[in-house]
Amino acid sequence: MSATELLLRDPLGERALSAADFPVSVGGPGHTIVLPGAGAGTIAWIALHDGQLFLQPAEGREPPSCNGAPVRRPAWLRAGDVIDAARGRLRVGARDGR
């Protein structure tokens, strides 16, 4: 999945992120991607390398899972992947080149 622009849709609405916005933090209030039950601190980051997204778990936290498997080290993301962390769920998708 090549990410020239990432559209983030969450309860706050829809926001476009460009390569300059990465990495984005995943966690509780104050993070780019806010998940319910995340509490304080960062759970993970979603980063961009050569147009590809990857998930980087934070040390010292319960690791997020991707497609049901715990992610303990960086993992590439593809369209269709489902990330579960805290009490939230992220779905990675591609549509119209986004």
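For the residue pair G68 and S65, the shortest heavy atom distance occurs at C-CB, 4.1 Å. Of all non-hydrogen atoms in A85 and I43, the two that sit nearest each other are CB-CG2, 3.9 Å.
Looking only at side-chain heavy atoms (C-beta outward), V71 and P57 come within less than 4.5 Å of each other. Between L90 and I33, the closest side-chain pair of non-hydrogen atoms falls below 4.5 Å. Residues V92 and R78 fail the side-chain proximity criterion, which asks for heavy atoms closer than 4.5 Å. Inter-residue side-chain proximity for W45 and V24 is flagged as unmet; no heavy-atom pair is nearer than 4.5 Å. Between R89 and V82 the shortest side-chain heavy-atom distance falls below 4.5 Å. Residues F22 and L53 form a side-chain contact, since some pair of their non-hydrogen atoms from C-beta on lies under 4.5 Å apart. Within the 4.5 Å cutoff, side-chain heavy atoms of L7 are placed close to those of E14.
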Stepwise side-chain contact (heavy atoms from CB on, under 4.5 Å) test for V26 and L35: CA-CA 7 Å; V26 179; L35 296 177; 3.5 Å; yes

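With values rounded to the nearest 0.5 angstrom, D81 atom CG is found 9.5 Å from L55 atom CG.
Between the side chain of R61 and the backbone N or O of A38, at least one donor-acceptor pair lies under 3.5 Å. Proximity of a side-chain donor or acceptor of R72 to a complementary backbone N or O of P64 within less than 3.5 Å is not detected.
Clustering ILVMFWY residues whenever any of their side-chain heavy atoms sit less than 4.5 angstrom apart, transitively, puts L17 in the very cluster that holds L77. The hydrophobic cluster containing I46 also contains L8, counting ILVMFWY residues as joined when their side-chain heavy atoms lie under 4.5 angstrom apart, directly or transitively.
In this structure, H49 and W76 have tilted ring planes: the angle between them lies in the 30° to 60° band.
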